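Residue numbers start from 1 in every chain, and the chains themselves are labelled A, B, ... in the order their sequence lines are given, proteins ahead of strands. The structure presented is a predicted model; accordingly, all values stated were derived computationally and were not measured.
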Amino acid sequence: MMEIAKGTGLRIDRAPNTGIRAKAAYVCKLLWRDKTGLAGLIIVLIVITAAVFAPFLSPYDPLQQDLRSAKTPPAWTEEGDMDHPLGTDNLGRDILSRIIYGTRVSLTVGFFGVLIACSIGMVIGLISGYVGGLTDNIVMGLVNMILALPYLVFVVFIAAILGRSLLIVILIFGFTDIPIFVRITRGEVLRIRESGYIEAARSIGAGNGRIIFRHILPNLIGPLITIATFEMSAMIFYEAGLGFLGLSVPPSVPSWGNMLSTGRQYLTIYPWIATYPGLAIVFTGLGMNLLGDWFRDVLDPRLRRIKR
Amino acid sequence: MQRYILSRLVQSAGILIGVLLIVFFMLQMTGDPVSLMVSRNASPEQVEALREELGYNRPVMVQFFDFFTDALTGDFGMSLRHRQPSLKLILDRLPATVELAATALMFALVIGVPLGLLGGSNPNSFWDIMARGAGLIGQTIPNFWLALILIVILSVHLGWFPTFGRNTWSLFGLTLPTRSVVLPAFALGLFTTGQIVRFVRSAVLEIKNEDYVRTAYSKGLSDRNIYMRHILRNASIPLISIIGVQFGYLMSGSIYIETIFSWPGLGNLLAEAIGNRDFALVQAIAFFTSLVVVALNLLTDVAYGLADPRIRYGD
């Protein structure tokens with residue numbers, strides 16, 4: 001809905017505030033206008049569907065070994081057949097089924113890792129930005145210190161010490177990613193705190209609680225969702241990387257990193273074992289990045305200027 | 001300027017002290033290093049003797065103090081497996097990693113800067129689509145997977161490059177890289193290439209609308225002149241900080257690539273040390289890479305301050 005803001009001469013694009021259905025229609029319109037965002041959303045929905053309905057979608061049990069049909073090439077090659085569309089690995093396990101089940105590990109790590117990092121980081125960033133002074137200096141000193149470290153080396157170090165389990169991997173990514181969210185939240189809080197409407201709220205006697213919950217938190221949601229999408233895709237990468245080094249979930253669990261690790265050993269003779277799980281990672285990462293770009297444009301119109 | 005450098009120096013020293021604390025207590029978390037070193041049928045007396053010899057039976061705070069003072073004098077402890085000073089092992093591997101990281105950065109700059117410039121100067125053209133695509137690819141293709149695919153296609157099928165290892169040749173006493181560095185450096189540099197394309201493209205878009213560019217156009221300067229003298233030059237100042245950060249990332253993030261290509265560098269040493277549960281060496285590598293990254297950040301900030309007066313007086 002286009003209209004001219006009174007007195008400014010600027011055309012603004014305003015979401016009509018008339019109920020959920022109108023808002024949903026507005027979001028759909030925005031999605032339709034930006035086809036890459038739509039593509040990102042569709043990809044992410046496909047991946048989520050694969051994770052949720054894995055037992056119904058995958059043709060085989062991902063752990064079922066069948067040595068007679070081991071190392072079958074994918075269906076599009078001459079020796080392949082449609083029994084195993086993407087072929088089988090060294091133990092005869094169906095690669096398609098393992099990729100479908102692998103979405104569960106990746107999305108679990110990405111979702112819960114981001115949930116931990118975002119919730120803790122948001123609280124710390126809020127306190128740091130709102131209280132300011134010495135607290136802010138100490139928090140930001142620590143954050144900058146952690147962000148200055150070589151991330152991969154430390155993640156690998158911690159993972160090697162703590163051992164292989166899904167919970168540990170989630171906790172590692174959840175905690176090491178806190179500083180990013182602290183920094184984003186704090187920056188936003190500083191910006192919002194100086195804005196006119198906070199001053200107005202304060203001048204009519206609003207307390208800290210009201211200002212934080214009523215005026216600051218709702219304004220944090222946009223930037224945090226954007227960062228969370230990008231961080232989720234980064235965590236899925238790092239999880240696969242840890243799995244590739246044999247430091248993520250136990251080898252029996254079907255995960256993309258573990259599959260790549262197996263595939264690497266047979267790379268020159270049976271290259272498909274490593275190819276398809278990697279494509280799954282690229283596909284998921286692509287979806288999340290496109291969706292993140294779209295979130296950034298829609299939720300934070302100020303950034304639209306920079307991206308163009 | 002001196003004050004700026006001094007404050008950044010103090011800050012860097014603070015970071016490194018924090019790193020020492022972190023890596024020390026991380027090693028404490030690994031449990032008893034001696035039990036990892038001795039064979040299973042060693043007698044308790046032998047274990048105790050080794051513990052005594054290596055000083056692991058002292059109070060934690062004393063151990064930390066020693067660790068701290070040793071690190072200041074350049075002693076990063078002994079590798080549990082190699083029974084050699086960790087620093088020596090690290091320095092032996094350093095040239096290979098520097099060669100890899102520098103080549104990767106070179107690839108990223110040679111591809112990234114022109115593509116970003118072309119994309120940013122003609123929005124929505126063919127080159128812009130290529131530039132945006134490169135930016136997205138850099139973020140979505142994991143380098144460890146790209147490395148595997150490159151090996152299958154370019155090494156195994158086409159035989160253009162060796163599948164693994166590092167070869168060098170000497171000229172006037174200088175060690176020079178051969179084509180064995182091409183694939184690992186390209187795979188490692190992919191993410192950096194994407195970052196540089198993205199950065200240059202958005203910088204060009206931003207600078208194009210500056211007043212001084214309009215002035216240059218109104219003076220009748222040629223496009224080429226404006227891009228070279230005004231736009232690229234102004235974009236290259238913030239590019240310094242991107243390069244510094246990315247070089248640190250390339251130096252410390254090569255563990256996958258070095259493992260895949262059996263590249264005899266720091267990342268490979270780290271992977272081996274983890275495989276051997278040689279946590280003392282892991283600790284030393286973690287500290288050393290942090291030192292490199294922090295030093296690079298410091299150098300970058302100083303160079304940035306020298307190049308751009310707005311930074312050094314901003315404080």
Side-chain angles (χ1 to χ4, degrees), chain A residues 36 141-142 144-162 230 233-234 236-238 240-247 256-257 260-261 263-264 267-269 271-275 277-290 292-293 305-308, chain B residues 11-12 14-16 18-19 22-23 26-27 29-31 120 123 136-137 139-149 151-153 155-157 163 201-202 205-206 248-249 251-256 259-260 266-267 270-271 273-275 277 279 282-283 285-286 288-290 292-294 297:
Chain A
T36 55
L142 277 174
N144 287 332
M145 186 192 109
I146 296 172
L147 289 177
L149 301 181
Y151 183 74
L152 189 59
V153 175
F154 278 87
V155 165
V156 165
F157 191 3
I158 302 171
I161 292 171
L162 295 180
F230 288 124
S233 112
I236 290 174
F237 266 43
Y238 279 113
L242 280 190
F244 184 70
L245 293 176
L247 294 172
W256 296 341
L260 278 178
S261 172
R264 190 193 149 215
L267 184 67
T268 47
I269 359 173
W272 61 88
I273 302 179
T275 306
L279 277 179
I281 300 172
V282 175
F283 185 68
T284 311
L286 187 71
M288 290 188 170
N289 274 288
L290 291 176
D293 279 340
R305 192 176 60 88
I306 299 166
K307 195 206 162 202
R308 234 160 301 205
Chain B
Q11 209 180 335
S12 306
I15 290 177
L16 287 177
V19 173
I22 294 174
V23 293
M26 274 166 78
L27 191 68
M29 277 164 59
T30 59
L136 196 59
I137 283 172
Q139 280 184 341
T140 50
I141 296 189
N143 60 19
F144 43 92
W145 181 69
L146 178 73
L148 299 179
I149 299 300
I151 289 178
V152 170
I153 298 174
S155 301
V156 176
H157 283 291
T163 50
R201 178 177 172 275
S202 62
L205 281 171
E206 200 80 5
Y249 160 81
M251 289 275 298
S252 62
S254 57
I255 179 165
Y256 306 127
T259 311
I260 293 169
L266 276 184
L270 178 63
I274 282 169
R277 303 190 71 73
F279 289 117
V282 177
Q283 180 196 36
I285 297 172
F288 185 82
T289 45
S290 308
V292 171
V293 170
V294 169
N297 287 347

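- Ranking A:Gly285, A:Ala148, A:Pro271, A:Gly241 against chain B, the residue ahead of the rest is A:Gly241, based on heavy-atom pairs under 4.5 Å.
- Applying the side chain to side chain donor-acceptor pair (under 3.5 Å) test to pairs two or more places apart or on separate chains, those with a residue in residues 144-156 of chain A are A:Tyr151-A:Thr176.
- At a threshold of 4.5 Å between non-hydrogen side-chain atoms, the residues A:Phe154 and B:Val19 count as touching.
- For chain B, the nearby part of A:Leu162 is the side chain; its heavy atoms alone come within less than 4.5 Å.
- Between B:Ala286 and A:Val153, the shortest heavy-atom contact is CA-CG1, 3.7 Å.
- Residues A:Phe157 and B:Met26 share a closest heavy-atom pair of CD2-CE, 3.2 Å.
- To the nearest 0.5 angstrom, A:Leu152 atom CG is 7.5 Å from B:Tyr249 atom OH.
- For A:Ser233, no part lies under 4.5 angstrom from a heavy atom of chain B.
- Proximity to chain B (any heavy atom under 4.5 Å) is restricted, for A:Leu245, to the side chain, taken from C-beta onward.
- Atom CZ in A:Arg264 sits 6.5 Å away from atom OG1 in B:Thr259 (nearest 0.5 Å).
- Taking the side chain as every heavy atom from C-beta outward, B:Ile260 and A:Phe244 approach each other to under 4.5 Å.
- Interatomic distance, OG1 of B:Thr140 versus CG of A:Leu290, reported as 8.0 Å (0.5 Å rounding).
- For the atom pair CZ of B:Phe144 and CZ of A:Phe237, the computed distance is 7.0 Å after rounding to the nearest 0.5 Å.
- With a 4.5 angstrom heavy-atom cutoff, B:Ile141 touches chain A via backbone and side-chain atoms both.
- With a 4.5 Å cut-off on non-hydrogen atoms, A:Ala240 touches chain B through its backbone and its side chain both.
- Between A:Ile161 atom CD1 and B:Phe279 atom CZ the span is 5.5 Å, to the nearest 0.5 Å.
- Neither the backbone nor the side chain of B:Leu16 comes within contact range of chain A; no heavy atoms are under 4.5 Å apart.
- Annotation: maximal heavy-atom pairing with chain A below 4.5 Å, among B:Asn143, B:Leu266, B:Val294, B:Ile255, occurs at B:Ile255.
- Counting heavy-atom pairs under 4.5 Å between each of A:Leu279, A:Leu142, A:Ile236 and chain B puts A:Leu279 at the top.
- Residue contact with chain B, scored on non-hydrogen atoms closer than 4.5 Å, is absent for A:Leu147.
- Interface residue A:Leu247: only side-chain heavy atoms are found under 4.5 Å from chain B.
- In this structure, the portion of B:Ile274 lying under 4.5 Å from any heavy atom of chain A is its side chain and not its backbone.
- In this structure, CG in A:Leu149 is found 9.0 Å from OG1 in B:Thr289, a value given to the nearest 0.5 Å.
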So B:Trp145 and A:Ile281, side-chain contact (heavy atoms from CB on, under 4.5 Å) or not? Walk me through it.
CA-CA 9 Å; B:Trp145 181 69; A:Ile281 300 172; 5.9 Å; no
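- The two residues B:Leu148 and A:Ala274 make their nearest non-hydrogen contact at CD1-CB, 3.9 Å.
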